[in-house]
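To start, the structure under review is shown below, and the notes come after it.
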Amino acid sequence: MSETLIVIEPATAQPLQHLPRAGIEEADAAVARAAAALPAWRALAPGSRAGILRDLAEHLAAHLEELATLEARNAGKPITSARGEIGMVVDTFRYYAGAPERLLGDTIPVAGGVAMTFREPIGVVALITPWNFPLAIAAWKLAPALAAGNTVVLKPAELTPLTSVRFGELAVEAGVPAGVVNVVVGPGRTVGQRLVEHPAVGKVAFTGSTEVGASIAAGAAGTIKRVTLELGGKSANVVFADADIAAAAAAAPGAVFDNAGQDCCARSRILVEEPALDEFLAALEGAVQAITVGDPLDEATVMGPLISAGHHATVSSFLEDGAAVAIRGSAPDGPGYWFPPTVLCPVDPASRPATEEIFGPIACVIPFRGEAEAIRMANDTIYGLSGSIWTRDGAKALRVARAVEAGNLSINSNSSVRVSTPFGGFKQSGYGRELGPHALDHYTEVKTIYFRTEES
Ligand code: NDP
């Protein structure tokens, strides 16, 4: 081990835990352990692998409060949100525990015999995860990867490694054989990069910035690794004048300020049809002022601090250059990386706050005129992850949802992530799909076997 990693608690700016920091050698050792564990794990009877995943889900459920408290402190998120996220981790393992016995193939009639397909595991899979939803995003990758018979090396973000490290311990306690799950805590530019280039790794599943995603795709190309990328977003929340404006305004803050805006699905561009702009802004003001920002461990807290001092500086930079602040909520003073929920209006649609992913609690409200302009503005971004459409006209809602270039849309709602439905991006928000039945396609290879049956 080369050095010590000091993990900081964002709400206090004080050290929370010290950990040994892995380097290239530890990354290589983790890949070797995963490769050694692969033959036995993939050869387990499907029902046995399913049983281990079910046991793991129940063991995680028994440790829900411990994991939620660790996540709340390390990532600075409200304890109520952290409980929801760990609950989703449990549900993700429960869902994919059904997969080993349902990895079905096809039989295809061909001349002289029959062809059949099998879904084979890829092998050793590297999972590189971000700091915003640490264990939830790891579980979206871990559960389908393991269900399909792969072994894994998980590299969490150095800012938030604690629940991933604990997960590794809980997996062994629950009966996952040694070497099947390996957690390596080290820097992305060394340990992450090594996993991306390691010849014994068959696939990299990554969530994080579009910039690092591009470098991972380039690094993986040298060994023709499979790659899935879940990257940034600049999603539009489109509110038509015929919508329930009170409901749309009441829901809008949660869609962008949840997790202090550090959410790839954040609806950070709120596009409002011009006749409804004043009514919407008036209703939004009350909803933003009602957000309680404070101690993540307080049950009443709705929004915590930003993740780090460096990220606080980045988010603050979006208020330079004379941004017009229309609404500003409150936040604690003192230590911790606090930032109040902030709404900008008017905003130049070509400005930095309106075009770049802020990943903090700053929303832009921008008026539009008519359906065609709403679609054009929603699509005027390099990203395509999620978005919402608010209207009482059902046909218009579906027309606009089909026209918006994004992977996950909601109508008269802002929710886009469910364990049982596919999740992923269009354009520079990435490729591949997580969750739902589709995730398994990205952790398996299709093998075709021809069986000659005609007599010679
Ligand atoms: P990064 O993309 O840098 O980090 C994500 C993960 O990738 C971390 O585990 C990181 O390791 C690792 N990593 C970094 N560089 C490499 C590399 N060269 N090779 C392999 N792995 C690497 O995100 P940041 O934390 O820097 O956040 C920056 C911005 O990215 C945010 O402001 C936001 O805009 C966006 N983002 C989007 C997320 C999403 O959910 N789509 C999640 C997080 C960020 P480590 O950090 O430990 O060095």
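As the structure lists them, so they are numbered: ligands from 1, and atoms in each ligand from 1.
Between G208 and ligand 1, at least one N/O pair is under 3.5 Å apart. Considering backbone and side-chain N/O atoms, G188 comes within less than 3.5 Å of an N/O atom of ligand 1.
With a heavy-atom cut-off of 4.0 Å, H311 touches ligand 1 through its side chain alone. At a heavy-atom distance under 4.0 Å, only backbone atoms of T129 (N, CA, C or O) approach ligand 1.
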Q: Step by step, work out the salt bridge (Lys or Arg N to Asp or Glu O under 4.0 Å) result for D441 and R119.
A: CA-CA 8 Å; D441 294 345; R119 306 207 67 98; 3.5 Å; yes

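Of the charged side-chain nitrogens involved, at least one lies within less than 4.0 Å of a carboxylate oxygen, so that E445 and R226 count as a salt-bridged pair. Between E71 and K77, none of the side-chain N atoms (NZ, or NE/NH1/NH2) sits under 4.0 Å from a carboxylate O, so this pair counts as no salt bridge. In summary, R352 and E320 do not engage in a salt bridge, as defined by a charged side-chain N under 4.0 Å from a carboxylate O. With salt bridges taken as basic N to acidic carboxylate O contacts below 4.0 Å, none links K225 and E197. A salt bridge links R166 with E66: the distance from a Lys NZ or Arg NE/NH1/NH2 to an Asp or Glu carboxylate oxygen falls below 4.0 Å. Between E357 and K234, no side-chain nitrogen of the basic residue sits less than 4.0 Å from a carboxylate oxygen of the acidic one, so the salt-bridge criterion is not met.
Atom 18 (N) of ligand 1 has as its closest protein heavy atom Q193 OE1, 3.4 Å. From the protein, the heavy atom lying nearest to atom 39 (C) of ligand 1 is C264 CB, 3.5 Å. Looking only at protein heavy atoms, the nearest one to atom 34 (O) of ligand 1 is E357 OE1, 2.7 Å. Regarding atom 3 (O) of ligand 1, its nearest protein heavy-atom neighbour is V212 CG2, 3.5 Å. Among protein heavy atoms, atom 40 (O) of ligand 1 sits closest to N132 ND2, 3.2 Å. Of all protein heavy atoms, the one closest to atom 1 (P) of ligand 1 is S209 OG, 3.7 Å.
With hydrogens and angles disregarded, a donor-acceptor distance shorter than 3.5 Å links the side chain of H442 to the backbone of R433. With hydrogens and angles ignored, the 3.5 Å screen pairs a side-chain donor or acceptor of W41 with a backbone N or O of L146. Proximity of a side-chain donor or acceptor of N237 to a complementary backbone N or O of L271 within less than 3.5 Å is not detected.
At a distance under 4.0 Å, a protein heavy atom can be found next to atom 25 (O) of ligand 1.
Residue F206 places a heavy atom less than 4.0 Å from ligand 1.
D55 is linked by a salt bridge (Lys or Arg N to Asp or Glu O under 4.0 Å) to nothing, counting only residues two or more places apart in sequence or in another chain. Take K141 and apply the salt bridge (Lys or Arg N to Asp or Glu O under 4.0 Å) test, not counting sequence neighbours, and it matches E434.
In the vicinity of K155, heavy-atom distances shorter than 4.0 Å reach the ligand 1 atoms 9 (O), 11 (O), 45 (P), 47 (O). Against a heavy-atom cut-off of under 4.0 Å, L231 is close to the following atoms of ligand 1: 41 (N). Using a 4.0 Å cut-off to heavy atoms of P130, the atoms of ligand 1 that qualify are 42 (C), 43 (C). Proximity to T207 (heavy-atom distance under 4.0 Å) selects the following atoms of ligand 1: 5 (C), 39 (C), 40 (O). Per-residue contacts place E158 under 4.0 angstrom from the following atoms of ligand 1 (heavy atoms of the residue considered): 45 (P), 47 (O). In summary, the atoms of ligand 1 found under 4.0 Å from a heavy atom of G192, numbered by their order in the structure, are 19 (N), 20 (C), 21 (N). Against a heavy-atom cut-off of under 4.0 Å, W131 is close to the following atoms of ligand 1: 24 (P), 25 (O), 27 (O). Residue-ligand proximity, E230 to ligand 1, at heavy-atom distances under 4.0 Å covers atoms 41 (N).
Comparing Y383, F133, F359 against atom 44 (C) of ligand 1, the shortest heavy-atom distance belongs to F359.
Paired with N74 under the rule side-chain contact (heavy atoms from CB on, under 4.5 Å), one option of L16, L135, T69 passes, and it is L16.
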